[in-house]
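Working notes, structure below.
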There are 2 protein chains.
Amino acid sequence: MTIKQDYKAIAQGKREQRDSLIPSEWRIESPSKAVQNVLDLPAKCGLLSSKELTITSDHDAVDLLENIRTKKYSAEEVTRAFCKRAAIAQQLTNCLTEIFFDEAIERAKILDREQAANPNLPLRPLHGLPISIKDSFRVPGVDSTTGLICWANEPDTLYSSLPRLLLDLGAVLYCKTNVPQTMMTADSDNNVFGRTLNPNNLTLTAGGSSGGEGALIALRGSLLGVGTDIAGSIRIPSICNGIYGFRPSASIVPYGGQRSPAPAGIPGISPVAGPMVTSLRSCTYFMKTIMEAQPWRYDPACLHRPWTGQLAAQKLRIGVVSRDGLFTPWPPVRRNIAESARKLGDAGVEIVNLSLPDVGEAVDTIMRMFSLDGSKFIQNLLASGGEPEVRSVRNINLAGIPSANLEDYFKLNAARSRIQQVYHNLWLDNRLDAIVLPPAPTTATPLDQWGPISYTALWNLLDYPAVIIPTGKVQPVDEADSVEHAIHGERDRRNYQLYTGPTEFANAPLAVQVVGMKQEDEELTQVAAVIDKILNST
Amino acid sequence: MTIKQDYKAIAQGKREQRDSLIPSEWRIESPSKAVQNVLDLPAKCGLLSSKELTITSDHDAVDLLENIRTKKYSAEEVTRAFCKRAAIAQQLTNCLTEIFFDEAIERAKILDREQAANPNLPLRPLHGLPISIKDSFRVPGVDSTTGLICWANEPDTLYSSLPRLLLDLGAVLYCKTNVPQTMMTADSDNNVFGRTLNPNNLTLTAGGSSGGEGALIALRGSLLGVGTDIAGSIRIPSICNGIYGFRPSASIVPYGGQRSPAPAGIPGISPVAGPMVTSLRSCTYFMKTIMEAQPWRYDPACLHRPWTGQLAAQKLRIGVVSRDGLFTPWPPVRRNIAESARKLGDAGVEIVNLSLPDVGEAVDTIMRMFSLDGSKFIQNLLASGGEPEVRSVRNINLAGIPSANLEDYFKLNAARSRIQQVYHNLWLDNRLDAIVLPPAPTTATPLDQWGPISYTALWNLLDYPAVIIPTGKVQPVDEADSVEHAIHGERDRRNYQLYTGPTEFANAPLAVQVVGMKQEDEELTQVAAVIDKILNST
C-alpha cells in the first residue's frame, strides 16, 4: 500500500477542528505522567461548579430525567454540565470525535421553553437527556469518519434512524465518540483521531469498537451513550471501563443508516445498536423507551417486537459458565465468576453449571461470516485514504483473511442454524432464565493486545441479548499464576501470560455477562436487574 | 438428462400404496367426462351420512372446534367425516399424497377419552380439529417426496416443527397434500402423484405450490390446511380454488424442519407456513393460536412476536391498487377490483388509489434470489430420481437459470433493502391500514399456463403479510376483450390472451388480496375481517 503524505494533514485538520469546539475556559491541565487512574479528575479539576458536579455525578439517566421532569434542573443546565464534563473527558482520554455542544445547548433551551409553555403536557420520555453516540451514527452537519481518513470532511446530510428517533423522543445529542480504525478491533485507535485511553488505568485499553463511549461514560461525561455491537463492541468497552452495556437482539433497536466500513448488502451477523450506561435500570429504560416507540417506523429492518410489560419469573434458574473452553480466564476473572455464582446461590437463585458446546465451530463461523468479502472493502477504504494500518489492525492481518464464495456462505448459514439449535435445546432442556458467564477471559488488556472474542461473539452468532454488569475491580489477591493453567493451546497461553498481576492491572474493572433468550430482551432486563441487585448490594 | 425407466415403477408403487389407504367402501364412481365443476359431488355422491355432511359442510374451523368443545360432535366422528370427505376429494381431484386416516382416528379416540376423563379441564385450542398439511411437512412414518421420485420410500423419522406444535395444541393430522414437481411452479403436477385438478373447473389449474390443499379445502375435505408460500404458494391455490389463504410474515409461524428442494443454508426470501381455510376468522384463529403458543420453542428461527390482543383502528384507510404495471388484469379481475373498491368506499372506508413503485426491479430481484445456485440443487434431485421434468417445469427452463456469486448476492440484498424502504415510505406517507389489490392478473388459468407472480411475490420480497379473500366467480358479463388492453409488452399480451371468456372460465373464483405491514399480522387479521365483511355481506 502506498502511504500518501497528506493523511497526516487531514488528521491534523480534523483534530484541530474538534479541539477548537472546546471553549478555552473549559481547558484543563494535563495530568502528570505518573497518574494511571483519572476517574476522579473531572471532580478535582475545579472546572465544574458544585451544581454541575451534582448533575453529572449523583444520578443515573433515569434519575436525571426525573429531575428535569420535576424542574429541579433545566435541560439547558443539564446539557451544559455534560458538555463541560465531556470536554474534560476528551482532554483526559481522547474519547470524542465530533463535537456539537452549541447546537445541543440551543436545543436544550428550546426544550425548556416547550416545557414551560406546556406545563400540563406529559414530557417526551427522553426530554432533555444528553445522549452521546458512537461515531458511526450519522448526524447532519458533522462527519462520520469512523476513524477513516477517506471519510474525513464529508459532513452528513441525513440522520441515521436511531439519532432521528432519539431526537423525536426528546433527547439532546451533543457529541460522537471514538472507534478503532476499521471498527474490527477492540482498541479504539485510528489515524484520524488517535487512541482513546482507559480512564481507570491509562496503560490499559479502553476497548472497542465503542471505546470512546466506554471512556466517556466511565468519566460521567455522559450517562447514556449508544454503541454498536457485532462481536462485543458494546460489551468489551463496557468491561474495560466498568460500566453497564446492553447488546440487544438484532433489529430491536434501529440500526439503519449507519456509516459502515462494509459492503452494502453484506449478510451474516447483524450488527446492533444498544445502550452503554451507568446503571442497569438505565438499560431497561432505554430498551423500554425504544421498543414502545414503534422503532420500525424509523427503520424498516426493525422487528415489530412490542414491549409487553409482563413480569418475568421471580424464582430464577441461572446457568453459570466459568470458561468457554478456548481461552482460560485470568485469575481475577476466575475469582469474580466464582464469587458471583456463590452470591447468586446464597441469594436463593437456582444455579446450573453449564459447559458451552461447539464454541470452536461457532468462532470459526463468526470469523468467516465477518469477512465474507475477504475484507477487501475495508482494505480499499484504507487505500483510498492513503493511510497505514494502526498496530491493532496490523495484528489482525486483513490481507490474510480469506474471502468466501456463495456456496461457502450457504454452509456457514447451515452451520449457524445447527449451532443455534444446539443452544436452543441447551436453554430449554435446562429451563434457563439466563446464563451468567465472564464477558471475556481477561480484564482490559495492555494496549493493542485484546485477542479473544469468543465469550462475547458467541451471543452475536446466536442472536441472544447480553448485558454487562460491572462487579468490582482487580484486587491485591489477584496474583498472576502459572501459565500451566492455560490448557487450550498456544493462543490461550499467550493470552494468559498477558496478565502480570494486580499492580499493573490496578483498577481494571471486572464484570459478569448475563445472557437472555433471543428477542426476550425485556425479560433479560428483569432477570439482570435481580442479578445486579444481588451482586452489587453487598 | 438420462431418464431411467424405473421412475414410473416408483410412481406406480407410491400411487398404489396411497390408494390402498382409502377403504373400498369409500370409493366413488368417476364423474362423467362432461362434468367441469365437481364441488357438489361430495354431497351428492351418497357416501357421507347426513351427520357427516353436516359436520363437513356447515361449519368453519372455529365453529367446528366449538362443537367439539361442547360435545355436539366427538373428535372421532369429526375425524372420520373429514377422512371420508378427503378420500372423496382425492378421487375427484388427486389432491392427496400421503394418507394416515387410521392413525388420525386412533388419535381422535384418545382425545375424546381425554376430554371425557377431564371434563373440567379446558381443552387445548385445536382439540380434535383435523388439519391437512402440505407434503413438505415431515411426519414420522410417511414420505415427504414433495413430488420428487428421488425421495420416494424414505419415510421420515422426525416431525417438522409445525406439525409437532399442532399436535401439542390438540390437532389431528390425517393427510398430506400434493405439490408441483420442484415446488417452483403454480401447477401441482409431478411424476410421483400426477396432477391435482381444480374442483371448480377441472379444465383449469388448481394452482400451486400448495395446490393439493387448495383443492381439498374447496371440496371441504379439510377446513384448515397448512401450506407454504415463498412467492404465492399459499395464495395462488387459494385464488384458484376460491378459499381463504393467509401468508404470514416470515418466521411468525414455525417453518423449520421442512423437506425442501433447496440447498441447506441458502439465504434470500424466507418461505413461510400459513393457513388455508374456509373463513377469514379461521385465519385469525390459526394465527392467534400459533402466536400465543410460544412457537419459537418449536423452531429457533421463529420470531418472539406475541399476539397482543390490541384492537386495530376502526376507521380504515386503504390503498387500492388496480394493476401492477407488468401484467394487465383480465376482464373479470378488473371488474372484481373495481367493484370491491366501490363497496369499500360505499361502506365508509377511506380509499387511496396507489400505484406500486419499482415492481419490475422487485420481480428481477425475486427471481435472482430464488435461484442463487442456478437451480443446480433441484436439477440434481431430478437427475438422481431419473425422472423427466413435467411440462410446467419445462416451461420455466431450469437449465437456463443463471447462478449468482457472493457479490451478486450482496447487490440483491441491497436492492431489496432499497425497495423495502420505498414501500415503507409509501405505507407511512399514505397512513395506510392495508393495501387491497388483485392477487393475480388472472383467475385460475388453463393447465400449465400460470405465469405472473408479481402480484403475490412482491409481498414476499417486502415480507408484508397478505391474505386472499374470495369474492365471487367469473360472471357472464366478463367477456374477453381486445388484447390491445395488454399494454406492457409481449409477455403481458400472451398472458392476456389466455382469457377466452366466461364459458371456458365458468366458476373460476375471483378474490382480492389484502396486504398488511410487515409483522403486523395480528392487525391484518382485524383489518381483513372488516374488508371481508364488506365484500361478502351483500
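Heavy-atom basis, side chains included; hydrogens, waters and symmetry copies ignored. A, B, ... follow the sequence lines: proteins, then strands. Residue 1 opens every chain. Please read these numbers as outputs of a predicted model, since none were measured by experiment.
Looking at P300(B), the atoms closer than 4.5 Å to chain A (heavy atoms on both sides) sit in the backbone and in the side chain alike. The contact between R297(B) and chain A is made by backbone and side chain atoms together, counting heavy-atom distances below 4.5 Å. For chain A, the nearby part of T308(B) is the side chain; its heavy atoms alone come within less than 4.5 Å. Heavy-atom distances place no part of W427(A) under 4.5 Å from chain B, backbone and side chain included. Interface remark: L428(B) contributes side-chain atoms only to the contact with chain A (heavy atom separation under 4.5 Å). Both the backbone and the side chain of A404(B) come within less than 4.5 Å of a heavy atom of chain A.
Most heavy-atom pairs under 4.5 Å with chain A: of the set Q421(B), E520(B), K518(B), this distinction falls to K518(B). In terms of heavy-atom pairs under 4.5 Å with chain B, the best-connected choice from P263(A), S417(A), P306(A) is P306(A).
Annotation for P267(B) and N413(A): closest pair CB-ND2, 3.8 Å, computed over non-hydrogen atoms. When every heavy atom of M517(B) is checked against every heavy atom of W296(A), the shortest pair comes out as CG-CZ3, 3.8 Å.
A distance of 12.0 Å separates CD of E407(B) from CG of L372(A), quoted to the nearest 0.5 Å. Atoms NZ and CD1, on K411(A) and I266(B) in that order, are 13.5 Å from each other to the nearest 0.5 Å. Considering NE2 of H304(B) and CG of D521(A), their distance stands at 9.5 Å, rounded to 0.5 Å. Distance OH/Y409(B) to CG/L406(A): 8.0 Å, rounded to 0.5 Å.
The 12-atom threshold is not exceeded at NZ of K288(B), counting heavy atoms of other residues, nucleotides or ligands nearer than 6.0 Å.
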*Step by step, would you call Q519(A) with L303(B) a side chain to side chain contact (heavy atoms under 4.5 Å, CB included)?*
CA-CA 7 Å; Q519(A) 292 168 15; L303(B) 299 175; 3.5 Å; yes
